[in-house]
Amino acid sequence: MSTFALVDGNNFYVSCERVFNPQLEKRPVVVLSNNDGCAVARSQEAKALGVKMGAPWFQMQALARKHGIVALSSNYTLYADMSNRMMAVLEKFSPSQEVYSIDECFLGLDGFHTDLTAYGQAIRQQVKCWTGLPTCIGIGPTKTLAKLANHIAKKQREWAGVCDLGKLSEHALNDLLERIDVGEVWGVGRRIREKLVRLGINTALDLKRAEVAFIGDYFSVVTQRTVVELQGVSLLQLEEVAPARQQIMCSRSFGLPVTQLTDLQQAIISYTTRAAEKLRRQSSLCRAVHISIRTNPFRQKDAQYSPGLTVTLPKATCDTLKLAQAGLWGLQRIYRPGCRYAKAGVILLDLVPAEIRQTSLFTDHETDKKNAQQLMQTMDAINQRMGKDAVFLAGAGVEKRWHMKQGNKTPRYTTEWKELVVVQC
DNA sequence: TCTGGGGTCCTAGGACCC
DNA sequence: TCTGGGGTCCTAGGACCC
């Protein structure tokens, strides 16, 4: 019998901001997506005012003014650093950890002969003390049940932040599951929920009691697996080492509509640069580049155009110059003048592991290849040390009229010397 | 005027081959 | 004029997650 814990940061991005600005405590706060588009994190107070996850921010202006909601641009540098700190603390509490997302991780608790609720409280306290971040913890015999337990710990105050489903009787567990909407189950999204409800499956308990074969008639094996996991049989294991990515993407909406080819070219070069850095970080090469551009689908009156094109490379590479060249070649082909473009994206596909080979030990005569590798390594090293975009391809542009909006971004409190918090004594 | 970004997995259906 | 069936591979699209 397995035991999993799921530790999840509460309102994670908002909590990160609050660590460095305590004046945000007890106030309605939201963090906006890139381009200040949508609300992607909300404090408890903001949720209570009815700000929905993913709500377009411009539609919330009146509400925000009325209640003094603080809206912050997203500061991913800060959140990633805080996430690393949180994960480092959590790692100490289990021999096995799977970092599942920026704000949550699974811990394996097999063979822990201790009161897991108390252990959970100890974890929460340590994380709060060492990072300032509040968390909730769900515990159960499968990952799906641990996720559900976490949901309960967050929504039902009486659990005080830790819910261990493993120690409930079957009867008590079912009572609890009966009161949870089936849409809250991990793996049941909007579409599958609608279909389940039509079949008379409304609660987590209904889904647990469904026949696996019956579910198989209407849904994929993924949903069948969910049913089995709800029944307490663990099918999903901890994945302690993150597998190498199979594709790497970089896309952004523009701060302003773009019509000129040159602006799109700059964007494609910038995004390719970002994606290629990630590619090299995981020591992969790619054999195809997919680029896409699109107009604003919300502007129904505008002519809509959203082409994409995959460019196959003659040889697998991680050279930003070659990748950008391929991307620009593709862009030429799909660009159509007269459209108001709102977004562009680059996906590196068909990834293969790079040969592990030190450049300095490179002994063959492929000088070009060697030079390209050295150039990329040098670029990465400089940007690592001197900050993002200390060196970049000139084609990416300097002015970047199209660059995304970030009207209210907080400092990079923990990662940038000039922006460190200074404590007055 | 303003509506995010980055992933994975699964399935259906077409292309192709014998 | 008549015109099979089955396997495999690939891709696009849909669903999910945070």
Side-chain angles (χ1 to χ4, degrees), chain A residues 6 8-13 30-42 51-62 64 71 73-76 79-80 83 98-106 143-144 147 150-151 182-196 216-226 235-236 239 242-257 267 271 274-275 278-279 282 288 290 292 294-302 306 308-310 312 340 342-351 404-408:
Chain A
L6 179 75
D8 187 326
N10 302 345
N11 321 324
F12 189 72
Y13 298 164
V30 302
V31 173
L32 303 177
S33 64
N34 273 338
N35 229 11
D36 292 344
C38 304
V40 290
R42 307 104 74 212
V51 179
K52 296 274 178 281
M53 179 66 179
W57 189 239
F58 74 93
Q59 292 174 355
M60 307 258 96
Q61 295 300 317
S73 304
S74 40
N75 185 346
Y76 286 107
Y79 312 147
S83 172
E98 174 187 338
V99 176
Y100 178 67
S101 75
I102 192 162
D103 71 332
E104 60 191 295
C105 81
F106 288 101
K143 283 175 139 185
T144 303
K147 277 287 254 186
N150 187 279
H151 170 78
V182 71
E184 304 293 349
V185 175
W186 192 33
V188 178
R190 190 173 56 84
R191 305 304 288 271
I192 289 180
R193 177 182 179 279
E194 281 171 14
K195 211 164 140 188
L196 284 169
D217 290 342
Y218 295 91
F219 305 90
S220 80
V221 295
V222 178
T223 309
Q224 287 185 298
R225 221 178 277 147
T226 300
L235 298 179
L236 304 170
E239 291 176 34
R245 301 251 166 269
Q246 294 174 36
Q247 52 177 240
I248 290 171
M249 185 184 321
C250 181
S251 70
R252 294 276 183 284
S253 297
F254 304 132
L256 299 164
Y271 304 165
R274 261 319 72 80
K278 294 189 213 169
L279 182 72
Q282 72 161 35
H290 180 89
S292 59
R294 72 161 165 77
T295 49
N296 185 345
F298 296 101
R299 286 179 63 102
Q300 291 296 338
K301 283 168 285 175
D302 283 11
S306 58
L309 184 70
T310 303
T312 311
R340 290 159 57 86
K343 181 175 179 175
V346 174
I347 308 175
L348 306 182
L349 301 161
D350 210 350
L351 307 190
M404 68 181 176
K405 284 187 291 194
Q406 287 191 302
N408 194 14

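- In this structure, Ile192(A) reaches the sugar-phosphate backbone alone: every heavy-atom distance under 4.0 Å involves primed, P, OP1 or OP2 atoms, never a base.
- Arg42(A) contributes a side-chain N or O that, together with a main-chain N or O of Val51(A), makes up a donor-acceptor pair within less than 3.5 Å.
- Partners of Tyr13(A) under the ring pair (Phe, Tyr, Trp, His ring centres under 6.0 Å) rule, at least two apart in sequence or in another chain, are Tyr76(A), Tyr79(A).
- The residue Asn34(A) sits close only to the backbone: its heavy atoms come under 4.0 Å of sugar-phosphate atoms, none of a base.
- Contacts of Asn296(A) with the nucleic acid, taken as non-hydrogen atoms under 4.0 Å apart, involve only primed sugar atoms and P, OP1 or OP2.
- Annotation: side chain to side chain donor-acceptor pair (under 3.5 Å) contacts of Asn296(A) (sequence neighbours excluded): none.
- Atoms NZ and CZ, on Lys278(A) and Arg245(A) in that order, are 9.0 Å from each other to the nearest 0.5 Å.
- Where Val221(A) and Gly255(A) meet DNA chain B, the nucleotide closest to each residue was compared, and Gly255(A) sits on the side nearer the 5' end.
- Atom SG in Cys38(A) sits 14.5 Å away from atom NZ in Lys52(A) (nearest 0.5 Å).
- Listed by chain and residue number, Phe214(A) satisfy the ring pair (Phe, Tyr, Trp, His ring centres under 6.0 Å) test with Tyr218(A) (two or more places apart in sequence, or in another chain).
- Within 4.0 Å of Glu104(A), counting heavy atoms only, lie sugar-phosphate atoms of the nucleic acid but no base atom.
- Backbone-only engagement by Trp186(A) is indicated by non-hydrogen atom pairs under 4.0 Å involving sugar-phosphate atoms exclusively.
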| task | Taking Watson-Crick and G-U wobble pairs with both distances under 3.5 Å, convert DNA chain B into its dot-bracket string, 5' to 3', dots for unpaired and | for cross-strand pairs. | result | ....||||||||||||||
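- Atoms OG1 and CD1, on Thr223(A) and Ile192(A) in that order, are 4.0 Å from each other to the nearest 0.5 Å.
- Think of the region where chain A sits on DNA chain B: with heavy atoms and a 4.0 Å cut, that region ends 5' and 3' at dT1(B) to dT11(B).
- If you check every strand for non-hydrogen atoms under 4.0 Å, Arg274(A) touches nothing.
- The residue Lys195(A) sits apart from the nucleic acid: no heavy atom pair falls under 4.0 Å.
- Between Lys147(A) and Phe106(A), some side-chain heavy-atom pair lies under the 4.5 Å cut-off.
- Residue pairs meeting the side-chain hydrogen bond (donor to acceptor under 3.5 Å, both in side chains) criterion with at least one partner in residues 182-194 of chain A, sequence neighbours excluded, are Tyr100(A)-Trp186(A), Asp181(A)-Arg193(A), Arg190(A)-Glu194(A).
- Here Ile102(A) lies out of heavy-atom contact (under 4.0 Å) with every strand.
- Each of Ser220(A) and Phe58(A) has a nearest nucleotide on DNA chain B; the 5'-most of these lies closest to Phe58(A).
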